[in-house]
Amino acid sequence: MMQKYLAIIGGVGLVAGSVFLLNTRPVAAQTQRSTAVFDSKGKMELPTGFRKWVFVGAPLTPNGLNNGKAGFPEYHNVYVEAKNVDVYLKTGSFPEGTVIIKELTRVLSPTFPDGSRTEPSGRGFFNGEFNGIDATVKDSKRFPNTNGWGFFTFGHHPLPYAKSAAESSKAECAGCHMANVAKTDMTWIQFYPLLRDKQAY
């Protein structure tokens with residue numbers, strides 16, 4: 001009877017150990033997997049779930065302060081996955097596979113020539129409707145000619161956005177990043193306090 005009991009205990013332990021290994025091994029591999037998905041033609045599929053990622057900042061260059069000709073007159077709401085933010089805070093650079101999302105929103109219905117309006121909190125600029133989405137992907141093998149980052153635009157217009165996008169030309173996006181922020185991993189770190197000041201969150 002005791003032998004049967006010990007055999008049962010041993011079997012349970014073996015199964016539990018196997019389940020533990022099955023549950024833990026994929027975790028390490030998953031942290032290395034990029035969120036970016038590409039089709040057979042190299043187009044990037046529109047990312048999903050990014051609004052649940054870490055929000056790192058929202059620069060704004062309104063038309064009203066740029067003679068009506070701002071290159072990007074919307075808020076740039078920028079999101080990065082937590083696992084990649086963690087690596088940046090520790091190392092000062094993003095890991096391979098990092099995806100950075102920039103979702104654009106117009107300023108809310110301006111009532112003054114400079115694009116501002118008055119709300120209970122005072123006069124200022126406020127987020128309006130969604131107006132576009134861009135993505136950057138760190139993949140040194142796929143994008144060797146643009147410092148290891150690929151740039152994609154899914155439309156600068158109200159929802160819905162395009163379901164996939166081809167890589168933008170160097171003149172459209174990467175060239176500006178290479179000229180201005182190559183030393184900070186091709187990212188405008190100076191606009192994102194969490195990353196710039198390396199503060200825990």
So which heavy atom on [X] is nearest to which on [Y], and how close?
X: A174; Y: T146; result: CB-CG2, 3.6 Å
X: K198; Y: G92; result: CE-CA, 4.1 Å
X: V107; Y: G115; result: CG2-O, 4.0 Å
X: M44; Y: F154; result: O-CE2, 3.3 Å

Just so I know, are the side chains of [X] and [Y] near enough to count as touching, which here means a heavy-atom distance under 4.5 Å?
X: I133; Y: L104; value: no
X: F125; Y: Y75; value: yes
X: S34; Y: D139; value: no
X: E167; Y: F151; value: no
X: Y161; Y: L159; value: yes
X: N77; Y: I101; value: no

Tabulate below the donor-acceptor pairs under 3.5 Å that side-chain atoms of residues 58-66 make, not counting sequence neighbours, or state none.
from, atom 1, to, atom 2, distance (Å)
T61, OG1, F72, O, 2.7
N63, OD1, A70, N, 3.0
N66, ND2, P62, O, 2.8

* Check the pair F126 / E119 against side-chain contact (heavy atoms from CB on, under 4.5 Å), numbers first and verdict last. => CA-CA 9 Å; F126 305 88; E119 292 293 340; 3.5 Å; yes
* Would you call E172 and K170 a salt bridge, taking side-chain N to carboxylate O under 4.0 Å as the test? ->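 Salt bridge between E172 and K170, a charged N being under 4.0 Å from a carboxylate O: no.
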* R106/E129 salt bridge by N-O under 4.0 Å criterion ->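 So E129 pairs with R106 through a salt bridge.
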* Asked: Will you find, in the side chains of T118 and R123, an N or O donor that is under 3.5 Å from an N or O acceptor?
  ->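 Checked: T118/R123 side chains show no N/O donor-acceptor pair below 3.5 Å.
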* Same cluster or not: are L89 and V78 linked, directly or through other Ile, Leu, Val, Met, Phe, Trp or Tyr residues, by side-chain heavy atoms under 4.5 angstrom apart? ->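 Yes: a chain of side-chain contacts under 4.5 Å links L89 to V78.
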* **hydrophobic_cluster_shared for M178 and I100, side chain cutoff 4.5 Å** =>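 Yes, it is one cluster - the side chains of I100 and M178 are joined through contacts under 4.5 Å.
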* Step by step, work out the side-chain contact (heavy atoms from CB on, under 4.5 Å) result for F152 and K43. => CA-CA 9 Å; F152 299 82; K43 288 187 174 183; over 6 Å; no
Expected list for residues 184-194: side-chain donor-acceptor pairs under 3.5 angstrom, two or more places apart:
from, atom 1, to, atom 2, distance (Å)
T184, OG1, V181, O, 3.3
T184, OG1, T187, O, 2.8
D185, OD1, K138, NZ, 3.3
D185, OD1, W149, NE1, 3.0
D185, OD2, F94, N, 2.7
D185, OD2, K138, NZ, 3.0
T187, OG1, D185, O, 2.9
W188, NE1, H177, NE2, 3.4

* Between E81 and V99, is there a donor-acceptor pair closer than 3.5 Å when you use the side chain of the first and the backbone of the second? ->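 No, because the side chain of E81 does not come within donor-acceptor range (under 3.5 Å) of the backbone of V99.
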* **Short side-chain to backbone donor-acceptor contact, S116 and F112, under 3.5 Å** =>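 Not a single qualifying donor-acceptor pair exists.
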Contacts table for residues 46-54: side-chain donor-acceptor under 3.5 angstrom, sequence neighbours left out:
from, atom 1, to, atom 2, distance (Å)
R51, NE, E103, OE1, 3.0
R51, NH2, E103, OE1, 3.4
R51, NH2, E103, OE2, 2.7

* **OG1 on T105 to CG on N131, rounded to 0.5 Å** =>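 Between atom CG of N131 and atom OG1 of T105 there are 8.5 Å.
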* Between H76 and D134, is a side-chain hydrogen bond (donor to acceptor under 3.5 Å, both in side chains) present by the stated rule, with each step listed? -> CA-CA 9 Å; H76 296 182; D134 298 328; over 6 Å; no
* To do: Mind running salt bridge (Lys or Arg N to Asp or Glu O under 4.0 Å) on D39 and K163 for me, showing each step along the way?
  => CA-CA 11 Å; D39 64 19; K163 294 183 178 180; over 6 Å; no
* Does a sphere of radius 6.0 Å around CG in N67 hold more than 12 heavy atoms from other residues, nucleotides or ligands, not counting ones at 6.0 Å or beyond? ->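 No - once you tally the heavy atoms of other residues, nucleotides and ligands closer than 6.0 Å, there are 12 at most.
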